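Model, not experiment: these values are computed from the prediction. Just so it is clear: chains get the letters A, B, ... in the order the sequence lines come, proteins before strands, and each one is counted from 1.
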Amino acid sequence: MKLSDLIENLSLEVKTPETDLTREVTGGYVSDMLSDVIANAKAGYVWVTFQSHLNIVAVASLKGICGIIMVNNRVPARETILKAAAENIPIMTSSLAAFELVGKLYALGLRCR
Amino acid sequence: MTKSSDGVFFLTGKDFTNAGSASSNLKGILDDMGIPADIVRRAAIAAFEAEMNAIIYAVAGMMRYSITPEAVTVTLQDMGPGIPDIDLAMKEGYSTAPDYIREMGFGSGMGLPNIKKNTDKLTINSVVGEGTTLEFVIYLQGLSPETSG
Amino acid sequence: MTLGEIRGILGALVITQRTDMNKEIGRAYCADLMSDVLAFSVTQSLLITGLTNVQVVRTADVADIKAIVFVQGKRPDIDTIATADSKNIPLLVTNLSMFETCGRLYENGLRSAAGDTP
């Protein structure tokens with residue numbers, strides 16, 4: 001499944017249109033703890049979080065995360081979007097709470113092993 | 001409700017073991033006084049956020065509460081760094097918390113907005129380098145003078 | 001869904017004492033940021049989190065959360081469990097990731113505590 005499929009299926013709002021949205025999504029991760037993502041997320045995963053701090057971009061880049069979905073209508077800070085665009089990390093937002101969004105990602109077949 | 005109550009809790013900066021216990025105790029006191037659950041929850045949430053702010057940022061602080069048949073008033077006075085720009089601090093997502101605080105589940109920039117959302121009146125006075133005094137009031141609506149006797 | 005069913009779906013361990021496994025849980029919320037939990041009226045729901053410090057239990061207490069599931073096999077310390085016991089908040093531990101935990105509970109019909117817009 002490609003990131004663009006998720007965007008369409010879950011009506012995600014893309015905050016970084018210039019980034020690569022055609023990447024293959026290999027799984028999902030949900031966490032607001034940067035250290036947890038660094039330790040446990042895998043390359044190609046899409047990361048669901050309420051965290052909007054600038055550092056999420058560096059963590060995503062480090063782990064090869066294919067995209068970040070911010071939940072609960074969280075608005076990413078301008079610096080976060082700029083950095084994400086520069087590092088080619090797609091940032092998307094959803095009005096859903098993390099539980100609901102993950103439930104839908106799971107129903108679409110994404111897993112976290 | 002016929003009773004009134006007031007008291008004070010002392011807070012120690014960076015004491016994360018006890019962080020939140022003052023608000024938890026306040027919740028117990030409000031529950032015991034028979035205050036409606038919805039008001040208890042709003043007061044407890046606002047107090048908890050204010051308490052966490054004091055523990056995270058200040059050296060020490062105290063939380064005073066005053067419960068009357070009309071309102072719950074909580075005042076948090078801390079000896080901390082102060083807030084240079086209160087309007088900015090009220091913005092959702094704005095935070096100056098260091099990473100280790102974030103890793104504890106706080107500092108996501110929702111604290112002050114949460115306090116505002118749960119209270120009827122909020123005043124913040126802050127002097128940079130000295131500290132911050134935050135006071136909020138929640139009115140006990142639905143309690144008519146007759147029933148509060 | 002009862003707490004007992006949730007335990008079964010997650011293969012979770014109950015670590016609090018005298019836990020009522022028939023307790024009904026209607027909604028769930030997952031987060032590691034406690035202000036997020038406090039911001040989105042998640043009253044009476046199940047909290048799924050990867051954080052195990054005592055503030056999680058205190059947050060659950062002030063927000064009237066019914067039970068907590070700790071993911072990834074993370075266990076809180078004994079004092080945190082004692083605090084939960086004193087507040088009568090059941091604690092469960094599952095080895096599943098937070099993603100799998102949410103996914104499986106959602107698949108079994110549990111829905112989100114926070115609506116579309118907070």
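Contacts between A/Ala98 and chain C at a heavy-atom distance below 4.5 Å involve backbone atoms as well as side-chain atoms. For chain A, the nearby parts of C/Leu110 are the backbone and the side chain; heavy atoms of each come within less than 4.5 Å. Looking at C/Arg27, there are no atoms closer than 4.5 Å to chain A (heavy atoms on both sides), in backbone or side chain.
C/Thr16 and C/Asp85 are not linked by any side-chain donor-acceptor pair at a separation below 3.5 angstrom, with hydrogens and angles left out of the test. Looking only at atom types and distance, the side chain of A/Glu87 has a donor-acceptor partner in the side chain of A/Ser61 under 3.5 Å away.
Close placement of the C/Phe40 and A/Phe50 rings is indicated, their centers lying within 6.0 Å of each other.
Of the listed residues A/Val30, A/Asn40, A/Val71, the one with more heavy-atom pairs under 4.5 angstrom with chain C than any other is A/Val30.
Residue A/Val48 is tested with A/Leu105, A/Leu110, A/Asp32 for a side-chain contact (heavy atoms from CB on, under 4.5 Å); the sole match is A/Leu105.
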